[in-house]
Every structure is written in C-alpha cells, then in structure tokens.
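These notes are about the structure you will find just below.
Every value quoted in this text rests on a predicted model; they were computed, and no experiment measured them. Index from 1, following the sequence.
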Amino acid sequence: MIEQTPEFPTLTIIRHPLVQHKLTILRNRDTPTKIFKELVDEIAMLMAYEATIDLTVEPMEVDTPLETTEGRHISGKKLTLVPILRAGLGMVEGILRLVPAARVGHIGLYRDHETLQPVDYYFKVPGDVTERDFFVLDPMLATGGSAAAAVTSLKRAGATRIRFLCLVAAPQGVRRLAESHPDVPIYAAALDRELNALGYILPGLGDAGDRLFGTR
Ligand code: PRP
Ligand code: URA
C-alpha cells in the first residue's frame, strides 16, 4: 500500500496500516525509549518490504523432500545498509532480519544546532562499492542537508544505486534531496507539514536520536 504524488516525484509514502499504526505510537511524547526503539525497528522492517519490491530474482532449482522444483532467489547487486549516525542505527536490525546477507556501512553526520548544516565525522562502507545497492537510513528527513551530504559522500566513493529510507519527511527535505540527487528514490512512512524555526519536523516525533538512545 503506497502513495506517490506528482509534487514529489521521487517520494513513495508507505501507507500500510501496520506502518501507520506503529508510527502513531512512535509520535506519542509518552512512548518510552524501549518501545520507541522497538517501533523504529519494526517500521523499518515493514518499509524495507516495500522498498525491496523491485529486487531482481532469478530462477534456481530446489530439492524438496519429494522432488526437484524451480524456485527463485535474489540476484543482481548486493545490498548494503548505510545508517546515518546516530538515529539511523535504529533502523538497521529490523531490515537485517529481512535481508540477513546485507552488509552495513556507516556515515557519521550531525546537524550543527546553529546553522543546521551537516557536519561529517565518519565514513566507512564496504570496498566493492560499484557492485552494491545502497539503502541510506535515517528516521528523519528535515532540511535534507544530512541526507544530501550522505548521498554525495556515497557517490564520491563510487556508489550509483542509492535509495533513502526515512520514517518522517518534511516537504523541504524531500525537495532538497530530490534537487541534489534526483536519481535517489525516497521512501517515507509520513510526509509531515513543515519545519519549525529550529529545524524540527512538525508534527514530527521530536529528536529521533535522543528518543532512541534516551539522551537529554
Ligand atoms: C538528525 C536526524 C538526521 C538529521 C536530519 O540527526 O537523525 O540525521 O537530524 O536533519 P536534516 O534533514 O535537517 O539534516 P542529528 O543531527 O540530530 O544527529 P544525531 O542523530 O547524532 O542526534
Ligand atoms: N532531527 C530530528 O531528530 N528530528 C527532527 O524533527 C528534525 C531533525
């Protein structure tokens, strides 16, 4: 169950009832850290189900206990998850449960609180970059600065096939990422209204990193 709009051609919103139900609990200010973490994990897994819908498969023979038959297995490029530190980490395990063979890279970025510009501090991805499909993970797409910077770093390293998965997106962030990287599909569980003066998404869910890790 997905939604696409002409205004944001690179965006796919995942409207599955389970995703929307869990997202609503996630937004609740009273949801404790433990539940918050579990929900981010579960929503990421459900979103990955949709975001992997076009993975290529090829036929293979399989021996059942009774006879040999033709099955399918995923072929093509190898999958790599790239969480943007910190909050993207919360999305990794859920997706790995669906795609256990995926590798995990890391991009360290934080938003300067004054300028809202991304500051990068870490970059590590598997070596065979051109062989891989990348899923960049971050629960929040606010101004889009962090996402655009992460994708730029991956492309600089040689990546060509990149998707971006977030839980909550702001229109400004979707526009910014699409302008900088029109080739990168964006998957979100919600497209929210706007950003406040501090760059927080409204209605949003607050500071994803702080709520995931119990800081502040
Ligand atoms: C948050 C969030 C994104 C970024 C989104 O991280 O997890 O990475 O802000 O904002 P943007 O779209 O305006 O760039 P933050 O910078 O708070 O770092 P943290 O995960 O370490 O808390
Ligand atoms: N980062 C967050 O964690 N939350 C927002 O609303 C915006 C950026």
Side-chain angles (χ1 to χ4, degrees), residues 1-4 10-23 26 36-62 69-109 122-141 146-147 150-151 153-155 157-169 177 181 183-190 208-209 212:
M1 218 180 204
I2 59 167
E3 182 184 314
Q4 283 164 322
T10 61
L11 176 67
T12 299
I13 303 173
I14 299 185
R15 293 281 184 213
H16 192 287
L18 286 173
V19 171
Q20 296 305 315
H21 177 89
K22 289 172 191 292
L23 178 65
L26 198 68
F36 190 92
K37 196 179 279 180
E38 289 168 3
L39 288 166
V40 170
D41 175 274
E42 290 169 3
I43 296 170
M45 182 175 74
L46 293 167
M47 290 182 63
Y49 184 73
E50 286 291 348
T52 51
I53 207 146
D54 58 351
L55 289 187
T56 48
V57 290
E58 61 186 26
M60 68 173 280
E61 277 198 348
V62 55
T69 187
E70 191 177 279
R72 300 263 181 281
H73 76 126
I74 291 171
S75 61
K77 305 230 179 214
K78 298 175 263 183
L79 223 63
T80 305
L81 312 182
V82 186
I84 299 180
L85 305 179
R86 289 177 298 169
L89 288 173
M91 299 174 69
V92 172
E93 291 302 321
I95 302 179
L96 278 179
R97 283 205 296 285
L98 281 188
V99 197
R103 297 288 171 83
V104 182
H106 294 88
I107 295 182
L109 284 174
Y122 191 75
F123 183 87
K124 186 80 179 175
V125 295
D128 48 351
V129 174
T130 51
E131 307 282 299
R132 297 190 161 272
D133 266 319
F134 288 89
F135 281 26
V136 178
L137 312 176
D138 194 323
M140 310 307 280
L141 180 61
S146 304
V151 171
S153 300
L154 274 177
K155 286 185 175 174
T160 54
R161 292 173 50 90
I162 303 170
R163 299 166 205 220
F164 184 81
L165 270 69
C166 61
L167 305 191
V168 181
L177 186 54
H181 301 290
D183 57 318
V184 173
I186 303 169
Y187 297 86
L212 261 175

* Tell me, with the steps shown, if Leu154 and Val136 meet side chain to side chain contact (heavy atoms under 4.5 Å, CB included). => CA-CA 9 Å; Leu154 274 177; Val136 178; 3.4 Å; yes
* Return yes when atom CG of Leu55 has more than 12 non-hydrogen atoms of other residues, nucleotides or ligands closer than 6.0 Å, and no otherwise. => yes
* **Minimum-distance pair of heavy atoms, taken over all atoms of Ala159 and Val129** => N-CG1, 3.1 Å
* To do: Just jot down the side chain to side chain donor-acceptor pair (under 3.5 Å) partners of Arg86, sequence neighbours excluded, or say none.
  => Asp210, Thr215
* Heavy atoms from other residues, nucleotides or ligands near CD of Glu61 exceed 12 (cutoff 6.0 Å) -> no
* Could you give me the CA-CA distance, side-chain angles and deciding distance for Phe134 and Thr160, then say whether side chain to side chain contact (heavy atoms under 4.5 Å, CB included) is met? => CA-CA 8 Å; Phe134 288 89; Thr160 54; over 6 Å; no
* List for me each residue that meets side chain to side chain donor-acceptor pair (under 3.5 Å) alongside Ser146, sequence neighbours excluded, and say none if there are none. => none
* For the atom pair CG (Leu98) and CG (Leu96), what is the distance rounded to the nearest 0.5 Å? -> 9.5 Å
* Determine which pairs satisfy salt bridge (charged side-chain N to carboxylate O under 4.0 Å, His left out) with at least one residue from residues 50-59, sequence neighbours left out, and list them in order. => Asp54-Arg163
* Taking only residues two or more places apart in sequence or in another chain, which ones pass side chain to side chain donor-acceptor pair (under 3.5 Å) with Gln20? -> none
* Close side-chain approach of Val168 and Leu23, heavy atoms under 4.5 Å -> yes
* Asked: Side chains of Met47 and Tyr49: does their closest heavy-atom pair fall under 4.5 Å?
  -> no
* Would Lys78 and Asp133 satisfy side chain to side chain contact (heavy atoms under 4.5 Å, CB included), going step by step from the backbone distance to the final call? -> CA-CA 6 Å; Lys78 298 175 263 183; Asp133 266 319; over 6 Å; no
* Those residues that, when tested against Thr12, pass side chain to side chain donor-acceptor pair (under 3.5 Å) (two or more places apart) -> Gln4
* Cys166 side chain near Met140 side chain, heavy-atom distance below 4.5 Å -> no
* Asked: Quick one: does Leu167's side chain get under 4.5 Å of Leu26's, heavy atoms only?
  -> yes
* Asked: salt bridge (charged side-chain N to carboxylate O under 4.0 Å, His left out) with Arg103: which residues, sequence neighbours excluded?
  -> none
* Checking side chain to side chain contact (heavy atoms under 4.5 Å, CB included) against Val82, which of Ile107, Val151, Val92 comes through? -> Ile107
* Mind checking what makes salt bridge (charged side-chain N to carboxylate O under 4.0 Å, His left out) contact with Glu3, not counting sequence neighbours? -> Arg15
* Asked: For Leu81 and Ala102, which heavy atoms make the closest approach, and how far apart are they?
  -> CG-CB, 4.2 Å
* Closest contact, heavy atoms only, Gly88 versus Pro139 -> N-CD, 3.7 Å
* Non-neighbouring partners of Pro17 that pass side chain to side chain contact (heavy atoms under 4.5 Å, CB included), sequence neighbours left out -> Met1
* Asked: With a 4.5 Å heavy-atom cut-off, do Val104 and Thr80 have their side chains touching?
  -> no
Report, one line per pair, each donor and acceptor closer than 3.5 Å where one atom sits in a side chain of residues 39-46; sequence neighbours left out.
{"unit_1": "Asp41", "atom_1": "OD1", "unit_2": "Arg97", "atom_2": "NH1", "d": "3.3"}
{"unit_1": "Asp41", "atom_1": "OD1", "unit_2": "Arg97", "atom_2": "NH2", "d": "2.5"}
{"unit_1": "Asp41", "atom_1": "OD2", "unit_2": "Gly94", "atom_2": "N", "d": "3.1"}
{"unit_1": "Asp41", "atom_1": "OD2", "unit_2": "Arg97", "atom_2": "NH1", "d": "3.4"}
{"unit_1": "Glu42", "atom_1": "OE1", "unit_2": "Lys22", "atom_2": "NZ", "d": "2.7"}

* Asked: Quick one: are Thr52 and Phe135 in side-chain contact, heavy atoms under 4.5 Å?
  -> yes
* So, do Ile13 and Ile2 sit near enough that their side-chain heavy atoms are less than 4.5 Å apart? -> no
* Structure fact -> Sorted by chain and number, sequence neighbours left out, side chain to side chain contact (heavy atoms under 4.5 Å, CB included) with Ala147 holds for Leu141, Phe164, Leu177
* Structure fact -> Residue set satisfying side chain to side chain contact (heavy atoms under 4.5 Å, CB included) with Lys124, at least two apart, ordered chain then number -> Tyr122
* To do: Taking the side chain as every heavy atom from C-beta outward, state whether Ile186 and Leu165 have any atom pair closer than 4.5 Å.
  => no
* Structure fact -> Sorted by chain and residue number, the side chain to side chain contact (heavy atoms under 4.5 Å, CB included) partners of Asp183 (sequence neighbours excluded) come out as Lys155, His181
